[in-house]
Amino acid sequence: MNEEKKAVSLKFEQFKPAIVLSVIIALVGFVLIVCVGLIPDTSGIITEKLMVKCAELMGEGEYELVTDWEEAGYKIAKPREVEKLIVKDDKSVAFEIITSGFNKDALDILVAMNKDGSVRGVAVAAISESPDQSKKVSAAEFLDRFKGKSGEIVIVGRSPESDGEVEGITSATISSKAIAEAVNIAIETYAEMGVPN
Amino acid sequence: MRYLKVFMNGIIKENPVLVMLLGTCPTLAVTTTAANGLGMGIATMFALVFSNVVISLLKSVIPRQVRLPCYIVIVAGFVTFISFMLQIIPWLYWLYESLGLFLPLIAVNCIIFERAEAFASKNNPFISLIDGLGMGTGFTLALFIMGTAREILGAGSWMGYEISIGEIPPMMIFGLPAGGFFMYGIIIAAVGKLTKKPVRTIGCENCPSRATCKNFTAGEADK
C-alpha cells in the first residue's frame, strides 16, 4: 500500500516541470490575448508596409487614417468587417480588410476605390496562407483582374463570361475567394457610406 | 538603507553594461542617437522590472529544471506587450520603427536573465522591483551616455537638435559599429577610472602569456 503511494508521487514529481511550464505558457498567452483584445487601436498610425501599398495603388501623397467615420462625415459608422479606412489628400479612399482564407484572418487586403464606386486596385498587405498559395494570389497578374469591377464579384474556375465574374487561381481557390470577399465588402461599404466631396 | 544600496548597486557598482559587460548587442546597435538609447533603455527597464517581480513571486513554483524556459516565456510576454503598446501609441511609434528588430530581442537580453537568475529568484518581490529599477536605470544611463557621445561626434546633433563642437565636422565613424566599439571602450575605461575599480593583479603564475615571457622563462619573475 505504502509502496504504491510512493510510486504515484514519484510520477507526479517527474511531470511537474513540464506541467508548470505549460501552465505558465498558457497563462502568459492568455493574459497577452486579453490585453491585446481589450486595448483598441485608435492611434491613427498607418504602418510603413501599408503606406507602401497605398502608394502603389493610389500614388504618392498624404494619407490619413479615419478612426471615427461619423465624425469624418460618412453616413455609417465603421462596419465590423472593415479594419481601417485610409483617405488620401485628394479624397480618394482605400479600405484595409482582413478576411479568412485557409487560415483564420490570414489575408490582410488593401482595396482602393475609384470615385464612381468601382475598384481602383487591390493589394495584399499581409498574408499567412501556405507559401505557394500566398505567392500565387499576391501576384499582380491575379490582383489586376479586380480592377474596374463593381457590384457583386464571384470567383469562377473558368474564363469569366459576365462582368461580375473573376477567374480564380487553380490550386488557390480558397485564397482567391477570400480576396474576392474583401473586394465585395469594400464595394458594398463604399456604396453605403456616401463619400463627402 | 538596504533598498537604496540595492538601487545604487545597479547604477554604479554593478552597472550591467559598463561593469558587468552584459547586453553589449543592444548597447552597440541602437546607440547611434541619444533618443534611441534612451528609448531602448526605458523599454528594457520596463521588461526588467516586471519580469523581476513576476519571477520573484513565482520563485517557489518554478521547478529548477525548467526555470530558464519559464523565465523566457515570462520576459517574452512583457516584451510582446511593450512592442504592442509602442505600435499603438502615436507619440512612441517612432521608437518602434527605429528600434526595429532589437525591440523583440529584448526578450533574450542577458541582463534580464542575469537578474532573474542571480537576484529575483532568491529575493522577495519588493526588493526585486528595486533591483530591476536600479539595473534598468543603470542600463538606460549607460545607453544614453553612449548615444549622446556617438550622436554629437558622429552626426553633429543631440536629441535631434544641431550641435557643433567648434569647427570639427561630424565624424561618420562614430555612427558606425566600429565607432560604437571605440566609444564603448572609452566609456568603460572612464567609468573604471572614476569608480576606482581596483586593478586586478594575477601575478606571473597565472599570466596567460607566461610561456612566451622572457622574464618568466628566465626564472626571475617567480621570486
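A, B, ... follow the sequence lines: proteins, then strands. Residue 1 opens every chain.
No more than 12 heavy-atom neighbours from other residues, nucleotides or ligands sit within 6.0 angstrom of CZ on A:Phe102. Annotation: B:Ile42, atom CD1; neighbour count of heavy atoms from other residues, nucleotides and ligands within 6.0 Å is above 12. Enclosure of atom CZ in B:Phe182 is not indicated, since only 12 or fewer non-hydrogen atoms of other residues, nucleotides or ligands lie within 6.0 angstrom. Around atom CE of B:Met159, more than 12 heavy atoms belonging to other residues, nucleotides or ligands sit under 6.0 Å away. The number of heavy-atom neighbours closer than 6.0 Å to CZ of B:Phe119, taken from other residues, nucleotides and ligands shown, is above 12. Shown here is A:Lys177, whose NZ atom has no more than 12 heavy atoms of other residues, nucleotides or ligands within 6.0 Å.
In plain terms, the two heavy atoms of B:Gly77 and A:Val28 that are nearest each other are CA-CG1, 3.7 Å.
Heavy atoms closer than 4.5 Å to chain B are found in both the backbone and the side chain of A:Val36. Both the backbone and the side chain of A:Ile25 come within less than 4.5 Å of a heavy atom of chain B. Only the side chain of B:Phe84 comes within contact range of chain A, judged by heavy atoms closer than 4.5 Å.
Note that CD1 of A:Ile33 is 11.5 Å distant from OG1 of B:Thr80, once rounded to the nearest 0.5 Å. From B:Ile55, atom CD1 reaches atom CD1 of A:Ile24 across 9.0 Å, with rounding to the nearest 0.5 Å.
Between chain B and the options A:Ala18, A:Gly29, A:Cys35, A:Pro17, heavy-atom pairs under 4.5 Å are most frequent for A:Pro17.
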